[in-house]
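Step one of this worksheet: look at the structure below.
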Number of protein chains: 2
Amino acid sequence: MGRVGLSTDRLVRAGAELADEVGFDQVTVSALARRFDVKVASLYSHVKNSDDLRTRIAQLALAELADRGDLALAGRAGKDALTALADVYRDYAREHPGRYAAAQLRLDPEAAAASAGPRHARMTRAVLRGYDLTEPDQTHAVRLLGSVFHGYVSLELGGGFSHSAPDTQETWTRILDALDTLLRNWPPQD
Amino acid sequence: MGRVGLSTDRLVRAGAELADEVGFDQVTVSALARRFDVKVASLYSHVKNSDDLRTRIAQLALAELADRGDLALAGRAGKDALTALADVYRDYAREHPGRYAAAQLRLDPEAAAASAGPRHARMTRAVLRGYDLTEPDQTHAVRLLGSVFHGYVSLELGGGFSHSAPDTQETWTRILDALDTLLRNWPPQD
DNA sequence: TAATTTGCCTAAAGCTTTTAGGCAAACGCA
DNA sequence: TGCGTTTGCCTAAAAGCTTTAGGCAAATTA
């Protein structure tokens, strides 16, 4: 019974893959041990507990998403940047549904601070530099974009838009058009 | 050891309360049995299994939400209807976070059909009657509203907007203003 | 009141989580 | 190269959740 070469990193990456295959809430220390053909207790040297494992997967997903966002935003501005960032979220969720679900995990303050969460807020603000908004409207707009991206992606992923009619790609395009229009003509207070 | 008077209905309602208190994913057959001071196995006469219990809680939440929506929409149109429906979702989520989480549960086709899901789609379409949209734009708009409502509420609930600055009520108001403006000036294709 | 249904029980098996303690492989250094 | 230390995976065990099977007594019905 030689050593398999476990490490926190390998466990977290395997956990992320597992999440994509069977769903984030089916990610369990036991299932992960099975996947490495190792006894369950062995994982507890690398991961504090089940919660720690899930938190780390969430942080991995947030970081991967932020990396993709940075790449997508490089050299883009205005509507181009808006759709690029929006597509990052949507594509990531479709490619990695389990990881995307993980990214939604409510993190406690320390874990949140150590995560890529703040990078996401910065990316959205970067998109808004292409529009003419000042505080506090900029913050309102950051929240609106976050809501639409997250809301659309999670409804689409959950099958909320199933009975096709117009396909979801067309809706997505039209929604981004609409957001662009809205941001260029943000209604004044009152 | 007399009878406690369990029934599927009482279990589901108690499960919904439990969800609001400890979170939907902490709702367990065991916890529910404890709450009724009854042995776990006793619940299995009233509920098929853990999944069945959760599905029923989800259906309860969807129905309650739809009931509130119907009340809120009665006699309202246009922006008035828009904000009334939006507030239904937001208020419900704040009053009943566990039930709101339950309402997000992915239901299998039969359970979904038996749920109040379709009523929600109808309510959103009813709001849009106050605006001048024809198909397929109306469907795009239904999806946009669903995304914003769900996205905003779940981000706010999850603490995604924590570091205040402008408070979330103000953002919510401004977002609804913005949506109203957008729906009255829906950008044409291309 | 007798017969039937129903409600909650005990028992038991299987799975997940988590801790404690042990042995041997790998590593680090003289 | 050999020795000591660290590290990785193990066995063992306790505790909690899920689910099924079968039993007895209370409630319902005739």
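Naming convention: chains lettered A, B, ... in sequence-line order (proteins, then strands); numbering from 1 in each chain. The figures here come from the full heavy-atom set of this structure, side chains too, leaving out hydrogens, waters and symmetry mates.
Looking at residues two or more places apart in sequence or on another chain, you find no salt bridge (charged side-chain N to carboxylate O under 4.0 Å, His left out) involving R10(B). By the salt bridge (charged side-chain N to carboxylate O under 4.0 Å, His left out) test, D9(B) is found to be paired with R13(B), residues two or more places apart in sequence or in another chain being considered. In this structure, D25(A) has no salt bridge (charged side-chain N to carboxylate O under 4.0 Å, His left out) partners at least two apart in sequence or on a different chain. In terms of the side-chain hydrogen bond (donor to acceptor under 3.5 Å, both in side chains) criterion, residue partners of R56(A) (sequence neighbours excluded) are, by chain and number, D52(A). Taking R125(B) as the reference, E135(B) meet the salt bridge (charged side-chain N to carboxylate O under 4.0 Å, His left out) condition, with sequence neighbours excluded. The side-chain hydrogen bond (donor to acceptor under 3.5 Å, both in side chains) check on D132(A) picks up nothing, with sequence neighbours excluded.
Contacts of A31(A) with the nucleic acid, taken as non-hydrogen atoms under 4.0 Å apart, are absent.
When distances are taken from the side chain of Y44(B) to each of dC10(D), dT18(D), dC8(C), the shortest belongs to dT18(D). Of the candidate nucleotides dT17(C), dT11(D), dT18(D), dT17(C) has the atom lying nearest to any side-chain atom of V40(A). When distances run from any side-chain atom of T28(B) to the nucleotides dT16(C), dT19(C), dT18(D), the shortest one goes to dT18(D).
Within the 4.0 Å cut-off from OP1 or OP2 of dT16(C), at least one side-chain nitrogen or oxygen of R34(A) is found. Under 4.0 angstrom from either OP1 or OP2 of dA24(C) there lies no side-chain N or O belonging to R3(A). The side chain of S30(B) places an N or O atom within less than 4.0 Å of a non-bridging phosphate oxygen (OP1 or OP2) of dT18(D).
Note on residues 27-38 of chain B: pairs passing side-chain hydrogen bond (donor to acceptor under 3.5 Å, both in side chains), not counting sequence neighbours, are E21(B)-R35(B).
The existence of a salt bridge linking E95(B) and R90(B) is excluded, since no basic side-chain nitrogen approaches an acidic carboxylate oxygen closer than 4.0 Å.
At whole-Å resolution of the value, CZ in F36(B) and P in dC8(C) are 10 Å apart. We find that CG of L43(A) is positioned 17 Å from P of dA20(C), with the value rounded to whole Å. Between the P atom of dT19(D) and the NZ atom of K39(B) lies a distance of 19 Å, rounded to the nearest Å. The CG-P distance, from L11(A) to dT17(C), rounds to 13 Å in whole Å. One can place CZ of R10(B) at 12 Å from P of dG7(C), the figure rounded to the nearest angstrom.
Using modelled atom types and a 3.5 Å distance limit, the side chains of Q138(A) and T134(A) yield no donor-acceptor pair.
Listed in residue order, the members of residues 46-54 of chain A having a heavy atom less than 4.0 Å from DNA chain C are N49(A), S50(A). The stretch residues 17-25 of chain B has no heavy atom under 4.0 Å from DNA chain D, so no residue of it qualifies as close.
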